[in-house]
Amino acid sequence: MANDITADILIIGTGIAGAIAGAKLAQKGLKVAFLESGKRIDRFDAVETFWNAKIKVPESAYPNDPTAPHPLTHRISDYYQQMGPEDFKSTYIKVVGGTTWHWLGTTLRNVPGDFKLNSLYGHGVDWPFDYDALEPFYLAAEQEIGVSGDSSEDLGSPRSGDFPMEMIPVTYLDKQVGKALEGTKFQLRATPQGRNSTFHADRPECCGNASCIPICPIQAKYDATVHVLQAEEAGAVVYDETTATNLNLGDDGVIKSVDFKRADGSTGTATGKVVVVAAHGIETPRLLLNSAQEGAPNGVANSSDQVGRNLMDHPSKLSWAETPEPVWPYRGPLSTSGIENLRDGEFRKDYAAFRIELGNDGHAWPTGAPQSTADDLAKSGLRGAELDAAIKDATSRQVRLASLVEQSPDAENRVTLDPEKRDANGMPLPRINYDYSDYTRAGLDAAQKAHDEVFAAMGATNINHSPDAQGSGHIIGTVRMGTDAKTAVVDADLRSFDHRNLFVLGSGTFPTSATANPSLTIAALSLRAVDVIAASVT
């Protein structure tokens, strides 16, 4: 075992959290090294892999190597050891650039009330700072990602500056739904998105390929390889196919070194004056728990017993219907508008908040349309021109809603280590206990009622609701931040309470889930932590 990686700052993970922080730290002249389990991805190879995949799920464009394994949507329990009572359904990938390769691109801010959920509404916990403290970093994150949005609409989150680009044009479907909702309580607005509406940052404008999940073929949509490249240009080094397996403590309680294993089976150790774990909400607690040792019997950074706890997602209520007249879905990004005015209010004392995403993907998510539509019509006996006309009519009137519902933090919703099953690196697979609180279930019920009201305003028919909540791909909690070392893993600067040279970045640090897609808040928190991390290099 060779100690062959040294740096001022050692970052584990190259997703949006680690990549943005690493780029900014390298640009300050600090020596930065990344450990990344996955491979570098060639975009064109990934597009072809997706085209040729028989089963098209968010992970289908990317490798799932034995030494960099991750969950698959259609075989979720192969990786997650589900202990119930509900299955955890959200996934991620392990590649250079992380899961931003297949994110949707939605870049909403949290609203001010999200930071004071307990104080205002008596549920969950408060964040250790308020919206105003994070607002400048939200603005900076929008610049870093390259967000297209309508600067005249704050969507409930007050702004101190404009988006860097004009909004992505809304679709014909958006316009028709918006007209139908005029005069109702539902306000349909353009969604801020991390994709270019014009040529920006040496990347082209969105041309509406509609494959945002799992891959943008032209990189109009931001992914974290943008900041990985910036970090490398500033001198950072990325060690791909290199999995961190254990954090080792020194006598003074700092992180002395990190054990790793390469895809070729060789092993080594890496050292950094500061260690940053940015491995997402499942892999971060998995690594910390796997690092149990003398001085940290329950795992590194876990004197609070909060590592792995408070796992959250945005459980999604999925509904679909048919409009009386064509609205022509299947064009543009997968979603360009949403209903954002249901995200805060006194109702949060009684049930969870939610935002309603309007999809441009017809019935593809719930039913597999348009392929399933064509199959059903063919089975009815239609052929030739009649079949073609029927497919066109049916698919042109498809509309889909998905409400992303706030989930309560619950200490019993947790990630632990499976005592028997291990991956090729010798690390235990994640065992997951997961359920929804009454508060969250009431929010899911309220979301279905809202969907019915929206469909009624549109005159829609053939209304369907998925009986089960879906995953949103948002892995939140498990290493929460707070002000008390007894109830949180990291402080407001994302520094471990237990180890002064350890920082933890990513959505795992969120004390509550709120309702916004988490990537912009991840980026803002990473930018907020940069100066503190830099000052810790001694």
Side-chain angles (χ1 to χ4, degrees), residues 12-19 37-38 57-59 62 64 68-73 76-83 86-95 97-106 108 110 213-214 223-224 277-289 306-316 404-417 429-436 440 469-481 489-490 494 504-523 525-526:
I12 299 169
T14 59
I16 189 170
S37 292
V57 292
E59 309 81 36
Y62 308 101
N64 189 22
H70 56 77
L72 300 172
T73 298
I76 198 80
S77 295
D78 286 1
Y79 190 73
Y80 294 151
Q81 306 306 294
Q82 306 269 20
M83 305 305 292
E86 296 283 347
D87 280 352
F88 187 75
K89 298 175 182 177
S90 286
T91 68
Y92 52 95
I93 56 175
K94 296 180 185 176
V95 297
T99 307
T100 50
W101 274 92
H102 76 50
W103 73 313
L104 178 58
T106 300
L108 287 163
N110 284 3
I213 300 174
D223 63 73
V277 180
H280 217 333
I282 301 293
E283 296 299 323
T284 289
R286 185 178 177 224
L287 174 60
L288 297 178
L289 292 171
Q306 291 299 306
V307 170
R309 295 187 183 273
N310 305 297
L311 174 65
M312 294 171 280
D313 192 355
H314 289 131
S316 288
L404 283 65
V405 179
E406 176 182 25
Q407 182 165 12
S408 306
D410 182 341
E412 296 308 310
N413 286 352
R414 63 186 304 194
V415 178
T416 56
L417 303 179
L429 291 179
R431 173 179 281 193
I432 297 181
N433 293 78
Y434 189 66
D435 201 2
Y436 308 127
T440 299
Q470 306 299 308
S472 294
H474 302 160
I475 303 172
I476 301 169
T478 67
V479 282
R480 71 177 356 170
M481 73 171 100
V489 178
V490 296
L494 308 184
V504 181
L505 306 183
S507 53
T509 65
F510 294 10
T512 57
S513 74
T515 56
N517 304 51
S519 295
L520 185 70
T521 301
I522 294 172
L525 289 172
S526 292

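Only a predicted model underlies this, so the values are computations on that prediction, with no experimental measurement involved.
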### Message
Quick check against the 3.5 Å criterion: does Thr284 have a side-chain atom that pairs as donor or acceptor with the backbone of Ala279?
### Response
yes
So OG of Ser472 and CG of Asn517: to nearest 0.5 Å the spacing works out to 7.5 Å
Residue set satisfying side-chain hydrogen bond (donor to acceptor under 3.5 Å, both in side chains) with Tyr79, at least two apart, ordered chain then number -> Lys94, Glu283, Arg286
Examine distances only and state if a side-chain atom of Thr14 and a backbone atom of Ala19 form a donor-acceptor pair shorter than 3.5 Å. no
>> Do Asp410 and Met312 make a side-chain contact, defined as non-hydrogen atoms from C-beta onward lying under 4.5 Å apart?
In response: no
Derivation of the side chain to side chain contact (heavy atoms under 4.5 Å, CB included) call for Tyr436 and Glu86:
CA-CA 8 Å; Tyr436 308 127; Glu86 296 283 347; 3.7 Å; yes
Q.
Between Val277 and Val479, is there a side-chain heavy-atom distance shorter than 4.5 Å?
A. no
With side chains defined as the heavy atoms from C-beta onward, is the minimum distance between Val57 and Leu72 less than 4.5 Å? no
Closest heavy-atom pair, Pro409 versus Asn310, reported as atoms and distance to 0.1 Å, is C-OD1, 3.8 Å
Taking every heavy atom of Gly97 against every heavy atom of Ala224, the minimum-distance pair comes out as O-CB, 3.3 Å
Sequence neighbours excluded, the answer for side-chain hydrogen bond (donor to acceptor under 3.5 Å, both in side chains) partners of Asp87 is none
CG of Asp223 to OG of Ser519, rounded to nearest 0.5 Å, is 11.5 Å
Separation between OG1 (Thr99) and CD1 (Ile93), nearest 0.5 Å, reads 5.0 Å
Could you walk me through whether Asp435 and Glu412 pass side chain to side chain contact (heavy atoms under 4.5 Å, CB included), step by step? CA-CA 8 Å; Asp435 201 2; Glu412 296 308 310; over 6 Å; no
Quick check: do Thr515 and Leu404 have side-chain heavy atoms less than 4.5 Å from each other? no
Hits for side-chain contact (heavy atoms from CB on, under 4.5 Å) against Thr478, two or more places apart or cross-chain, chain-then-number order -> Pro285, Leu311, Val415
Review point. How are the rings of Phe88 and Tyr434 set to each other: parallel, tilted or perpendicular (split at 30° and 60°)?
Key: perpendicular
For the pair His314 and His474, name the ring-plane relationship: parallel under 30°, tilted 30 to 60°, perpendicular over 60°.
perpendicular
Gly506 and Ile522 have their tightest heavy-atom pair at CA-CG2, 4.0 Å
In terms of heavy-atom contacts, Tyr92 and His280 come closest through CB-CD2, 3.9 Å
Sorted by chain and residue number, the side-chain hydrogen bond (donor to acceptor under 3.5 Å, both in side chains) partners of Ser513 (sequence neighbours excluded) come out as none
Sequence neighbours excluded, the answer for side-chain contact (heavy atoms from CB on, under 4.5 Å) partners of Ala523 is Ile16, Ile20, Ala141, Ile145
- Task: Apply side chain to side chain contact (heavy atoms under 4.5 Å, CB included) to the pair Met481 and Leu494, showing each step before the final yes or no.
- Result: CA-CA 7 Å; Met481 73 171 100; Leu494 308 184; 3.9 Å; yes
Quiz item: With a 4.5 Å limit on heavy-atom distance, are the side chains of Tyr80 and Ser77 in contact?
Solution: no
> Is it true that a side-chain atom of Arg309 and a backbone atom of Ala411 form a donor plus acceptor pair closer than 3.5 Å?
Replying inline: yes
Residues Asp78 and Leu429: closest non-hydrogen pair is O-CD1, 4.2 Å
Point to revise | Any donor-acceptor N/O pair, Asn433 side chain to Met83 backbone, under 3.5 Å | key: no
Between Leu525 and the options Thr509, Leu505, Leu520, the side-chain contact (heavy atoms from CB on, under 4.5 Å) test singles out Thr509
Smallest heavy-atom separation, Pro58 atom then Pro214 atom, equals O-CB, 3.1 Å
For Asp313, the side-chain hydrogen bond (donor to acceptor under 3.5 Å, both in side chains) test, sequence neighbours excluded, returns Ser90
**Item:** Any side-chain donor near an acceptor of the partner, Thr91 and Glu59, under 3.5 Å
**Value:** yes
